[in-house]
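One structure is given here, and the rest of the page talks about it.
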Amino acid sequence: QVQLVESGGGLVQAGGSLRLSCAASGSIFSIKDMDWYHQAPGKQREVVATITRGGGTRYADSVKGRFTISRDNAKNTVYLQMNSLKPEDTGVYYCNAVLRPSGSDYYTSYWGQGTQVTVSS
């Protein structure tokens with residue numbers, strides 16, 4: 001069974017930093033894109049950062065210059081370094097990976113369980 005497990009959330013004051021991690025485990029043949037999504041209270045989940053297997057990155061305008069996504073392909077892990085945090089960054093952060101399990105011919109999207117980030121003003 002493939003699992004994505006996030007860690008690193010918590011409570012931080014505005015202007016502070018947090019680093020989120022998401023590790024994919026199980027029998028995995030290959031991982032394509034890995035993403036971080038943000039779901040603010042009462043709102044839809046939105047992508048904030050994407051990283052390709054080759055290291056190409058994309059960011060939502062709201063986090064450009066403040067968040068940095070990175071990955072360690074050897075560890076099947078993606079990170080999100082969040083700096084200069086704002087109260088509007090509060091919410092649940094989910095990681096997503098498009099991956100091909102061992103023994104499968106197809107790539108499928110997998111989600112982590114989410115980690116709560118709360119930024120106080």
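Positions are given from 1, in the same order as the sequence printed here. On a predicted model such as this, the values are computed, not experimentally measured, just so you know.
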Might you point out which heavy atoms bring [X] and [Y] nearest each other, and give the distance in Å?
| X | Y | result |
| --- | --- | --- |
| Gln113 | Leu4 | OE1-O, 3.4 Å |
| Pro101 | Tyr110 | CG-OH, 3.4 Å |
| Leu80 | Ala49 | CD1-CB, 4.1 Å |
| Ser84 | Ser17 | N-OG, 4.4 Å |

Quiz item: Would you say the side-chain atoms of Arg71 pair up with the backbone N or O of Tyr79, donor to acceptor, closer than 3.5 Å?
Solution: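 Answer holds: no.
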Looking at residues at least two apart in the chain, or sitting in another chain, which of them share a side chain to side chain donor-acceptor pair (under 3.5 Å) with [X]?
| X | answer |
| --- | --- |
| Lys75 | none |
| Asn96 | Ser109 |
| Gln116 | Thr118 |
| Ser62 | none |

Quiz item: Under the side-chain contact (heavy atoms from CB on, under 4.5 Å) criterion, do Leu99 and Thr108 qualify, and how do the steps go?
Solution: CA-CA 5 Å; Leu99 63 87; Thr108 306; over 6 Å; no
Quiz prompt | Remaining members of the apolar cluster that contains Tyr106, side-chain heavy atoms under 4.5 Å | solution =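 Hydrophobic cluster check, Tyr106: no partners found.
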Exercise. List, by chain and number, the other hydrophobic cluster members for Leu11, where Ile, Leu, Val, Met, Phe, Trp and Tyr join if side-chain heavy atoms come within less than 4.5 Å, directly or indirectly.
Key: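 None; Leu11 is a cluster of one.
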Could you go through residues 18-35 and list every donor-acceptor pair under 3.5 Å that involves a side-chain atom there, pairing it with any protein atom two or more places apart or in another chain?
{"unit_1": "Ser30", "atom_1": "OG", "unit_2": "Tyr107", "atom_2": "OH", "d": "3.2"}
{"unit_1": "Asp35", "atom_1": "OD1", "unit_2": "Thr50", "atom_2": "OG1", "d": "2.7"}

Do [X] and [Y] sit in one hydrophobic cluster, given that two such residues count as connected whenever their side-chain heavy atoms are within less than 4.5 Å of each other, even indirectly?
| X | Y | answer |
| --- | --- | --- |
| Val92 | Val117 | no |
| Val63 | Tyr93 | yes |
| Leu85 | Trp36 | yes |
| Val47 | Val98 | no |

Would you list the pairs meeting disulfide bond (SG atoms under 2.5 Å apart) in which at least one residue belongs to [range], sequence neighbours left out?
| range | value |
| --- | --- |
| residues 23-69 | none |
| residues 52-94 | none |
| residues 33-80 | none |

Practice problem: Only counting residues at least two apart or in another chain, list the ones meeting side-chain contact (heavy atoms from CB on, under 4.5 Å) with Thr68. | Solution: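 Thr68 satisfies side-chain contact (heavy atoms from CB on, under 4.5 Å) with Tyr59, Gln81 only.
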Show me the donor-acceptor pairs within less than 3.5 Å that the side chains of residues 38-46 make with the rest of the protein, sequence neighbours left out.
{"unit_1": "His38", "atom_1": "NE2", "unit_2": "Asp89", "atom_2": "O", "d": "3.2"}
{"unit_1": "His38", "atom_1": "NE2", "unit_2": "Thr90", "atom_2": "O", "d": "2.7"}
{"unit_1": "Gln39", "atom_1": "NE2", "unit_2": "Lys43", "atom_2": "O", "d": "3.1"}

Practice problem: May I ask you to check whether Tyr37 and Trp111 place their ring centres under 6.0 Å from each other? | Solution: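 Centroid separation for Trp111 and Tyr37: below 6.0 Å.
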Quiz item: Yes or no on side-chain contact (heavy atoms from CB on, under 4.5 Å) for Glu88 and Val119, after CA distance, side-chain angles and deciding distance?
Solution: CA-CA 8 Å; Glu88 52 263 44; Val119 184; over 6 Å; no
